[in-house]
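A short write-up of the structure that comes next.
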Amino acid sequence: MKKFLSALIGALFIALTLVGFTACKDGDEGKISVYAPDGAPALSIARLISENTELGKEMSYHIVGSDEITSCVTYENDAKNADLCILPVNAASKLLGKGTRYKMLGTVTHGNLFLVANKDKEDITTENFKSALSGKKVGVVNLPAFPGAIFKLLISKLNAENVTLEAVLAGQVDGTQTEYDYFVIPEPAASVRVNNANLNLKVVGSLQELYGENGYPQAVLVAKNSLIESEPRFISDFMNAMDENAKWLSDESVESSTILSAVSSLYPSTSFNAQNLTKSVIANSAVYFTKSADCKNEVIKILDELKTAGDGAATAVSDDFFYIP
């Protein structure tokens with residue numbers, strides 16, 4: 001009996017271990033796998049999912065939680081890693097910046113972060129950022145990741161002083177309380193909270209506009225070097241499909257329900273729903289594809305700035321990181 005129980009416990013341990021280490025590409029054998037995190041990056045492949053775009057290859061599309069996406073490029077056994085993956089630009093720089101395993105094909109999203117506050121607050125511009133934010137307390141949704149990094153950069157760039165940042169959940173963003181003066185929150189959560197009349201909130205600033213220029217690269221598309229080398233035509237076709245996806249998103253004839261159906265079919269717990277996936281939210285998500293050849297300098301600039309802002313938010317990348325055919 002003891003031997004049976006020992007064997008049973010051992011078998012259960014092995015099974016649980018295998019479950020715990022399930023790879024991103026399990027079930028994708030022989031297919032080209034594409035992974036994107038929920039949120040704005042997921043919108044960037046919605047058309048490809050909706051139309052089952054294959055480009056002459058057998059494809060497998062996936063959407064995962066934003067906290068899971070980096071695991072899809074970091075398995076020691078490279079066969080388990082995603083063939084194509086969308087990552088925050090700073091995470092991509094730290095994990096893949098040498099260009100030895102993956103290269104960046106282009107920028108996918110260009111900023112979907114907003115400052116919201118009580119309706120009594122004034123709008124925030126580059127001119128009044130220092131006076132309005134200095135000495136204030138700001139709740140940041142996803143503080144440890146890109147939203148926190150870019151907001152710290154703005155604090156440094158626009159010379160605000162003694163700004164206290166705390167991590168909050170989207171559900172805590174509420175203009176009726178007095179603990180926080182401002183919040184940093186992404187779309188679609190920003191529109192959801194602002195459109196709730198009980199919360200007394202309004203958008204007081206766009207981090208993209210505060211940064212200046214045309215916003216900043218936020219999420220980027222990377223591909224395995226082995227795929228780039230073996231399938232250069234496919235890579236070119238896929239980048240073109242990403243560009244077409246952005247046009248499809250903004251096409252007024254494309255129903256939001258079609259876009260939502262594509263995303264939710266792969267990730268039922270998506271942050272999007274029939275109420276918040278509006279054309280306005282899609283526009284605020286700044287989804288459009290820019291090839292590495294056209295955004296290399298912008299990516300290098302934002303990474304240098306994020307690195308200077310501290311907290312190890314980003315690292316410099318090599319020229320080999322960029323795919324420029």
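Starting from 1, each residue takes its place in the sequence as its number.
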If you measure only the distance, is there a donor-acceptor pair under 3.5 Å linking the side chains of [X] and [Y]?
| X | Y | answer |
| --- | --- | --- |
| E127 | T125 | yes |
| N90 | S93 | no |
| N240 | D243 | no |
| S257 | E255 | no |

Indicate if [X] and [Y] have the same hydrophobic cluster label, given that clusters are the connected sets of ILVMFWY residues with side-chain heavy-atom separations under 4.5 angstrom.
| X | Y | result |
| --- | --- | --- |
| L113 | L201 | no |
| F321 | V73 | yes |
| L153 | I185 | no |
| V163 | V173 | no |
| V287 | V254 | yes |

Does [X] reach the side chain of [Y], with side-chain heavy atoms less than 4.5 Å apart?
| X | Y | value |
| --- | --- | --- |
| P147 | V141 | no |
| V317 | M104 | no |
| I86 | I69 | no |
| K103 | N225 | yes |
| L158 | L133 | no |
| M59 | I32 | yes |
| L48 | V34 | no |
| S191 | N276 | no |

Least distance between heavy atoms, [X] atom then [Y] atom:
| X | Y | value |
| --- | --- | --- |
| N81 | S33 | O-OG, 4.3 Å |
| A160 | S134 | CA-OG, 3.5 Å |
| A241 | L55 | CB-CD1, 4.4 Å |
| K31 | S60 | CD-CB, 3.9 Å |
| K136 | S131 | NZ-O, 4.5 Å |
| S50 | T258 | OG-CG2, 3.8 Å |

Pairing residues for [X] by the side chain to side chain contact (heavy atoms under 4.5 Å, CB included) criterion, not counting sequence neighbours:
| X | value |
| --- | --- |
| A223 | L84, L105, I228, I235 |
| Y180 | K137, E166, V168, Q177, F183 |
| V204 | L115, A117, K121, D123, I124, Y182, K202 |
| N214 | none |

Just verifying a value: how many Å separate [X] [atom1] and [Y] [atom2], rounded to the nearest 0.5 Å?
| X | Y | atom1 | atom2 | answer |
| --- | --- | --- | --- | --- |
| R193 | L199 | CZ | CG | 4.5 Å |
| D294 | I324 | CG | CD1 | 9.0 Å |
| T109 | L221 | OG1 | CG | 11.0 Å |
| E244 | L249 | CD | CG | 11.5 Å |
| Q208 | I150 | CD | CD1 | 8.5 Å |
| I282 | L277 | CD1 | CG | 4.5 Å |

So which pairs with a foot in [range] pass ring-ring contact (aromatic ring centres under 6.0 Å, His included), sequence neighbours left out?
| range | answer |
| --- | --- |
| residues 121-150 | F146-Y216 |
| residues 78-128 | H110-Y288 |
| residues 227-280 | F234-F238 |

Checking [X] side chain against [Y] main chain: does a donor-acceptor pair fall under 3.5 Å?
| X | Y | value |
| --- | --- | --- |
| K80 | T74 | no |
| D38 | T270 | no |
| R47 | K247 | no |
| T290 | G106 | no |
| N159 | K130 | no |
| N245 | L43 | yes |
| S44 | P41 | yes |
| K291 | M239 | no |
| N118 | G175 | yes |

For residues 271-301, the disulfide bond (SG atoms under 2.5 Å apart) pairs (sequence neighbours left out) are none
Tell me which pairs pass disulfide bond (SG atoms under 2.5 Å apart) where either residue lies in residues 72-133, with sequence neighbours left out. C24-C72
What verdict does the side chain to side chain contact (heavy atoms under 4.5 Å, CB included) test give for T107 and Q218, after you've listed the backbone C-alpha separation in whole Å, the side-chain angles of each residue and the deciding distance to 0.1 Å? CA-CA 7 Å; T107 300; Q218 183 166 337; over 6 Å; no
Check E298 with K301, please: is the shortest side-chain N to carboxylate O separation under 4.0 Å? no
Write out all pairs satisfying salt bridge (charged side-chain N to carboxylate O under 4.0 Å, His left out) with one or both partners inside residues 228-239, taking only residues at least two apart or from two chains. K57-E231, R233-D237
Determine which pairs satisfy side-chain hydrogen bond (donor to acceptor under 3.5 Å, both in side chains) with at least one residue from residues 315-325, sequence neighbours left out, and list them in order. K296-D319
Got more than 12 heavy atoms from elsewhere within 6.0 Å of NZ, K119? yes
Would you sort out whether D78 and K224 count as a side chain to side chain contact (heavy atoms under 4.5 Å, CB included), showing the intermediate values? CA-CA 9 Å; D78 195 49; K224 276 185 178 178; 3.5 Å; yes
What residues, two or more places apart in sequence or in another chain, satisfy salt bridge (Lys or Arg N to Asp or Glu O under 4.0 Å) together with D304? none
